[in-house]
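Below is one structure, written out as structure tokens, with a few remarks after it.
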Amino acid sequence: MGVRSLTAASGAVMLGFLACMPHLHGAEPQVYVIEINKLAFGPAPAELHVNGIVEWRNSDIFRHTATADDRSFDIDLLPGAKGQTVLKRPGVIDYTCRFHPGMKGRLVVAP
Ligand SMILES: [Cu+2]
């Protein structure tokens, strides 16, 4: 096998790799994960966009909720559970846990 055919083969592998990354094509919505642990929401992703999906994963030993102050979402999360919401519009959404009012989070959604 010559150098030229090796290069062609690795090029084909690279194309296959890129084809497996759907967000490059805009076909699949972006999923942003926020982990809950030790009675706290993990940090929100730096850049959220409309039509993106936020997924909370409760890694804590307690039941929590992710409840928007504007009630645009209210997600009940048993220990080990995960739940999602779709970001419908741009703006700032503060949210809390109904069981633990000291737990606070904020989503800043860009268009
Ligand atoms: Cu809680």
Side-chain angles (χ1 to χ4, degrees):
M1 194 183 265
V3 172
R4 181 172 289 174
S5 57
L6 271 177
T7 304
S10 57
V13 168
M14 192 61 195
L15 277 176
F17 175 70
L18 289 173
C20 292
M21 301 175 71
H23 61 273
L24 288 179
H25 303 278
E28 298 284 325
Q30 181 84 47
V31 178
Y32 308 97
V33 175
I34 297 177
E35 182 136 0
I36 304 171
N37 205 354
K38 297 188 170 70
L39 292 163
F41 295 110
E47 189 156 301
L48 300 169
H49 290 279
V50 171
N51 292 323
I53 295 170
V54 175
E55 179 174 295
W56 286 271
R57 294 181 183 168
N58 186 2
S59 301
D60 212 344
I61 58 172
F62 304 106
R63 178 185 176 188
H64 298 294
T65 72
T67 305
D69 288 4
D70 64 7
R71 290 296 189 262
S72 58
F73 57 81
D74 182 17
I75 298 166
D76 202 329
L77 297 153
L78 292 171
K82 55 188 179 184
Q84 296 184 338
T85 192
V86 178
L87 302 169
K88 299 285 192 194
R89 55 183 179 273
V92 176
I93 309 171
D94 287 311
Y95 67 97
T96 184
C97 170
R98 281 190 275 117
F99 306 126
H100 310 102
M103 290 177 62
K104 293 181 183 304
R106 169 172 283 186
L107 305 177
V108 181
V109 184

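First listed ligand is number 1; within each ligand, the first listed atom is number 1.
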(request) For the Cu ion (ligand 1), report each protein N, O or S atom nearer than 2.8 Å, sorted by chain and then by residue number. (result) H64 ND1, C97 SG, H100 ND1
(message) Quick check: do F73 and V54 have side-chain heavy atoms less than 4.5 Å from each other?
(response) no
(message) Restricting to ring-ring contact (aromatic ring centres under 6.0 Å, His included), what partner residues turn up for H49, sequence neighbours left out?
(response) none
(request) For the residue pair Y95 and W56, categorise the inter-ring angle as parallel (less than 30°), tilted (30 to 60°) or perpendicular (more than 60°). (result) perpendicular
(message) Out of the candidates D74, L77, I36, only one should pair with T65 under the side chain to side chain contact (heavy atoms under 4.5 Å, CB included) rule; please name it.
(response) D74
(request) Step through the shown structure and confirm whether more than 12 heavy atoms of other residues, nucleotides or ligands are within 6.0 Å of CZ on R98. (result) yes
(message) As an exercise, state the distance from CG of N58 to NZ of K82, rounded to the nearest 0.5 Å.
(response) 12.5 Å
